[in-house]
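Notes follow once the structure below has been shown.
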Amino acid sequence: MSGAERQSEMRIEVGDLVVRYAGDVTAVNGVSFDVGRGEHVTLLGPSGCGKTTTLRAIAGLEPPSDGAIRIEGRTMYSSAERINVPAERRGVSMVFQSYAGWPHMTVFDNVAYGLRVRRLSKAEIKDSVDRALDLVQMRHLADRPASKLSGGQQQRVALARAIAFSPTVVLFDEPLSNLDAKLRAEMRVELRDLQSRLGITSVYVTHDQEEALAISDRVIVMNVGVIEQIGTPEGIYNRPRNRFVADFVGSANLIKGRVRGSAQDNRVAFETVDGQVLNATVPAALTGSETEVAVRTAYIAIDAAAPGDNQMPGTVRRRMFHGDFVQYVVDCPSGLIMVRSPPTNLIDEGATVTLSFPASSCVLLEA
């Protein structure tokens, strides 16, 4: 693909973005990424990592200090070119955590508000609002006051309002965080389905790792204003780049030690602090200075019939029942190891066990 062809496929391009607050506090420090046409990308990270600031900069609601932002090939912000297009002219729509609805208006009027501001005809407004409400299955409630809606219904109205004028890009700022756990899980499915059917290009902000993995084409993991890793949900989960990503995304055991020898076929021998040698996968260039491997709790078999590439003896110290799974805390020579298993064939606390896991699930982390 040529450079021009690649650019035509990019809906959003963020380059070396820097955002500073008063007092010279750097909230975003040199962030760069692209979002392809119809792609759903999630900015994931803890509070204060810069993800919402990045989203607001794309929307035009936060003034950057440096870098560039392009949407549909048009420069929206460039420090070098002294360009900063106002938010209302960027062709993007935003769905907020607080729903941002007008309680005194009906559902129809809430969705129609932005279209009326754009001075569309009554017929165009009705067609667009009906279409948007149909997509979120809310047309039968068009005449109901927004104040009489449940949290999930209010979020659907906010989504309908965002897509009513067919924006180029939709930005989501933790839109499901105010919902209860069950409704949040249901809305994830609906949101992902709607995004896929409409081919919406979207950037989504959340601190919820499960949410990010469930709904994203790609995930951008952020920490203290910088990007730690970009990849597919499976890639981020199975091949964390460093300690932060392994520890923040999913549940992982971090085992300390040192590399022994050189890598062969992306595998390397890793000696733990107690002298045990594990077979580990090397996802990047080996430097020899790596001191940790990550093993996901779900990828460890406890007293499995068929041993894996790596085996560790241990004693079950705690057994915690979580419904869909049981979490064991196993005391091994290398330290405490967490294991998640199906709630069948329960193992008693105090039992001596053998843990096993494949080399593909034992990932060497960058130093």
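Bear in mind the structure is a predicted one, so any value in this text is a computation, not a measurement. Only this structure's heavy atoms are used, side chains among them; waters, hydrogens and symmetry mates stay out.
- Side-chain atoms of H104 and P145, non-hydrogen and from C-beta on, never get closer than 4.5 Å to each other.
- When atom types are taken as modelled, the side chain of S216 and the backbone of A212 share a donor-acceptor pair closer than 3.5 angstrom.
- When the options T54, V226, D66 are evaluated for a side-chain contact (heavy atoms from CB on, under 4.5 Å) with V28, the one that passes is T54.
- Under the 4.0 Å criterion applied to side-chain N and carboxylate O atoms, R197 and D193 are assigned as salt-bridge partners.
- Y21 and T53 are linked by a side-chain donor-acceptor pair at a separation below 3.5 angstrom, with hydrogens and angles left out of the test.
- In this view, S93 satisfies the side chain to side chain donor-acceptor pair (under 3.5 Å) rule with no residue, not counting sequence neighbours.
- Under a 4.0 Å N-O distance rule, the pair E290/R258 does not qualify as a salt bridge.
- Closest non-hydrogen pair, L44 versus K51, comes out as C-CD, 4.2 Å.
- Taking the side chain as every heavy atom from C-beta outward, V249 and V221 approach each other to under 4.5 Å.
- Residue I163 holds its CD1 atom at 11.5 Å from CD of Q195, rounded to the nearest 0.5 Å.
- Side-chain contact between Y328 and V353 is absent, with no heavy-atom pair separated by less than 4.5 Å.
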Output, in order, the C-alpha distance, side-chain angles, deciding distance and verdict of side chain to side chain contact (heavy atoms under 4.5 Å, CB included) for L365 and L254.
-> CA-CA 9 Å; L365 303 177; L254 304 176; 3.8 Å; yes
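- Applying the ring pair (Phe, Tyr, Trp, His ring centres under 6.0 Å) criterion to Y113, with sequence neighbours excluded, gives W102.
- The ring pair (Phe, Tyr, Trp, His ring centres under 6.0 Å) check on H322 picks up F325, with sequence neighbours excluded.
- Between the side chain of Q276 and the backbone N or O of Q311 there is at least one donor-acceptor pair closer than 3.5 Å.
- Residues V326 and M320 are not in side-chain contact: their nearest non-hydrogen atoms beyond the backbone lie 4.5 Å or more apart.
- No side-chain heavy atom of I215 sits under 4.5 Å from any side-chain heavy atom of T206.
- Taking F108 as the reference, nothing meets the ring pair (Phe, Tyr, Trp, His ring centres under 6.0 Å) condition, with sequence neighbours excluded.
- Residues meeting the salt bridge (charged side-chain N to carboxylate O under 4.0 Å, His left out) test with R192, sequence neighbours left out: D217.
- Using a 4.5 Å cut-off between side-chain heavy atoms of Ile, Leu, Val, Met, Phe, Trp and Tyr, with links allowed through other members, L194 and V157 fall into the same hydrophobic cluster.
- Note that CD1 of I302 and CE of M312 are 12.5 Å apart. Values are rounded to the nearest 0.5 Å.
- Counting only heavy atoms from C-beta outward, the side chains of S32 and V14 never approach each other to under 4.5 Å.
- Side-chain atoms of T26 never come within 3.5 Å of backbone atoms of N29 as a donor-acceptor pair (strictly under, hydrogens ignored).
- Under the salt bridge (Lys or Arg N to Asp or Glu O under 4.0 Å) criterion, the residue pairs touching residues 348-367 are R241-E366, R319-D348, with sequence neighbours excluded.
- Here E39 pairs with R218 under the salt bridge (charged side-chain N to carboxylate O under 4.0 Å, His left out) rule; sequence neighbours left out.
- If you chain together hydrophobic residues whose side chains sit under 4.5 Å apart, V129 and L120 fall into the same group.
- For R188, the salt bridge (charged side-chain N to carboxylate O under 4.0 Å, His left out) partners are D208, E210, E211, not counting sequence neighbours.
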Would you be so kind as to tabulate the donor-acceptor pairs closer than 3.5 Å made by side chains of residues 135-143, with sequence neighbours excluded?
residue	atom	partner	partner atom	Å
R139	NH1	D134	OD2	3.0
R139	NH2	D130	OD2	3.2

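- Side-chain atoms of D309 come within 3.5 Å of backbone atoms of A359 as a donor-acceptor pair (strictly under, hydrogens ignored).
- Of all heavy-atom pairs between V111 and A164, the closest is CG1-CB, 3.9 Å.
- Both V282 and V295 are assigned to one and the same hydrophobic cluster, defined by single-linkage of ILVMFWY side chains at heavy-atom distances under 4.5 Å.
- With hydrophobic clusters built from ILVMFWY side chains whose heavy atoms lie under 4.5 angstrom apart, I71 shares a cluster with V205.
- Distance check: Q264 CD to N279 CG gives 12.0 Å after rounding to the nearest 0.5 Å.
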Apply the test side chain to side chain contact (heavy atoms under 4.5 Å, CB included) to residues V339 and T297: give CA-CA distance (whole Å), side-chain angles for both, the deciding distance (0.1 Å), then the verdict.
-> CA-CA 5 Å; V339 181; T297 59; 5.8 Å; no
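- When atom types are taken as modelled, the side chain of T291 and the backbone of G257 share no donor-acceptor pair closer than 3.5 angstrom.
- In terms of heavy atoms, V19 sits closest to P63 at CG1-O, 4.0 Å.
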Check the pair E292 / L364 against side chain to side chain contact (heavy atoms under 4.5 Å, CB included), numbers first and verdict last.
-> CA-CA 6 Å; E292 286 181 306; L364 189 69; over 6 Å; no
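- Every residue was checked against the salt bridge (charged side-chain N to carboxylate O under 4.0 Å, His left out) condition with E124, not counting sequence neighbours, and none meets it.
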Kindly determine whether T315 and D331 satisfy side chain to side chain donor-acceptor pair (under 3.5 Å), including the steps that lead there.
-> CA-CA 5 Å; T315 302; D331 191 356; over 6 Å; no
Could you walk me through whether R116 and D109 pass the side chain to side chain contact (heavy atoms under 4.5 Å, CB included) test, one step at a time?
-> CA-CA 9 Å; R116 287 172 177 150; D109 288 336; 3.1 Å; yes
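- R296 forms a cation-pi arrangement with Y237, by the criterion of a distance under 6.0 Å to the ring centre and an angle within 45° of the ring axis.
- The CD1 atom of I69 lies 10.0 Å from the OG atom of S79; values are rounded to the nearest 0.5 Å.
- A donor-acceptor contact under 3.5 angstrom links the side chains of R70 and T75, judged on distance only.
- For the pair T272/K256, no side-chain contact is recorded, criterion being any heavy-atom separation below 4.5 Å from C-beta on.
- F270 is not listed as a side-chain neighbour of C362, based on a closest heavy-atom distance of 4.5 Å or more.
- Interatomic distance, OG1 of T52 versus CG of L171, reported as 11.0 Å (0.5 Å rounding).
- Residue pairs that meet the ring pair (Phe, Tyr, Trp, His ring centres under 6.0 Å) test with at least one member in residues 148-167, sequence neighbours left out, do not exist here.
- Shortest non-hydrogen contact noted between R161 and N110 is CD-O, 3.1 Å.
- Qualifying ring pair (Phe, Tyr, Trp, His ring centres under 6.0 Å) partners for Y204, counting only residues two or more places apart in sequence or in other chains: H40, F172.
- In this structure a side-chain-to-backbone donor-acceptor pair under 3.5 Å is present from Q209 to F248.
- Cluster annotation: L17 and F33 are assigned to the same hydrophobic cluster (Ile/Leu/Val/Met/Phe/Trp/Tyr, side-chain heavy-atom contacts under 4.5 Å, transitive).
- Here the straight-line distance linking atom CG of L43 with atom CD of E174 works out to 10.5 Å at 0.5 Å rounding.
- With hydrogens and angles ignored, the 3.5 Å screen pairs no side-chain donor or acceptor of R82 with any backbone N or O of S78.
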